[in-house]
Amino acid sequence: MSGLSPITQRRLQQFKANKRGYVSLWLFMGLFLVALMADFVANDKPLLIGYQGGIYTPIFSFYPETTFGGDFDTEADYRDPFVQDLIVGEGQGWMVWPPIRFSYDTINYDLPSPAPSPPSAENLLGTDDQGRDVLARVLYGFRLSVLFGLALTIASSIIGVSAGAVQGYFGGKLDLVMQRVIEIWANMPSLYILIIFSALFVPGFWTLLLILLLFSWVQLVDVVRAEFFRARNFDYVRAAKAMGVPDIVIMWRHVLPNAMVATMTFMPFILTGSITALTSLDFLGLGLPPGSPSMGEMLAQGKNNLHAPWLGITAFLSLAVMLTLLTFIGEAVRDAFDPRKSV
């Protein structure tokens, strides 16, 4: 703390003073860390295998069944009792499994009842209508949603801040033309255009990111534009111009830090909107490819399988917890950057 500026220290104190947002940050970071390690928490492959004196890591490497004394050159199915007996049988090997022995796309063929099956000791949150473990899909879906939201938020912020900075700093006809274009673009029926684009292009992570980026960058333009309008007439900016400092240096070094206050305040809410947009497209069947671990796809399964309430309840609670934590964090960030707030 001693190496931080007084303003930064005050903002950190104000952020911590918002207990709800501070606790939400730690809870979200803990959940996100677990989700980032989903491959080591939920997987249908062992973390480590010891066989005849050798150490194998199936998560990182491909091992055919013949490696363990089998007959096929295809990758070993480690959940198959025959393969397990080849490795562990007669004390010649051992396996270390993750806590959840299912990946997001692993089908459990040994269900006690037809899929979707209710929660059990093997599938703690039950299975979906294809026999896949719901808890594993929640972990992978949480990771995918947050990473998608972060990527979209960062890309949107870069474009939105750049457009707003150019408008606010230079003003004049450039600002007038850009503002009219942005007003027209922002008033277009974005949901219908997203649906059309999603139907035209092959769905995928990067495709959806580019499609949603077409409209999400507009949210920050007005805020940054207003900050640059205000700051460009400050004395230190005029002095820098008089000394011949290039415009790009003035914008980056002297004006942008003021605009970043408003940007940082809005970013958690943009992240929440990005996750919601991806979930909506997945729920409509226009998002990620079929089989992807998606919160929207889980919601759709809950709607289509009302006789299996654990599907809808799990998807709803997962989304509710995620978005609630992000909203509380956003409120704490807003308080931290509010100069009228005091600890």
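Residues take their numbers from the sequence shown, with the count starting at 1.
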Stepwise side chain to side chain donor-acceptor pair (under 3.5 Å) check, N18 with E331:
CA-CA 8 Å; N18 190 318; E331 291 176 352; 5.4 Å; no

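- Note: Y236 and F234 have tilted aromatic rings, judged against thresholds of 30 and 60 degrees for the angle between ring planes.
- Between L208 and F148, the closest side-chain pair of non-hydrogen atoms falls below 4.5 Å.
- A 4.5 Å side-chain heavy-atom check between L174 and Y169 finds every atom pair outside the cut-off.
- L31 is not listed as a side-chain neighbour of V146, based on a closest heavy-atom distance of 4.5 Å or more.
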Is there a side chain to side chain donor-acceptor pair (under 3.5 Å) between Q9 and Q13? Walk through the geometry before answering.
CA-CA 6 Å; Q9 292 184 25; Q13 291 175 359; 5.1 Å; no

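- The side chain to side chain contact (heavy atoms under 4.5 Å, CB included) test with I49 singles out one residue from V88, I87, T67, and that residue is I87.
- Listed by chain and residue number, E227 satisfy the salt bridge (Lys or Arg N to Asp or Glu O under 4.0 Å) test with R230 (two or more places apart in sequence, or in another chain).
- Classified by interplanar angle (parallel below 30°, tilted 30° to 60°, perpendicular above 60°), the ring pair Y56/F68 is perpendicular.
- When only modelled atom types and interatomic distance are considered, N108 and N123 share a side-chain donor-acceptor pair under 3.5 Å.
- Take Y104 and apply the side chain to side chain donor-acceptor pair (under 3.5 Å) test, not counting sequence neighbours, and it matches no residue.
- Residues W310 and P116 have side chains in contact (heavy-atom distance under 4.5 Å, counting atoms from C-beta outward).
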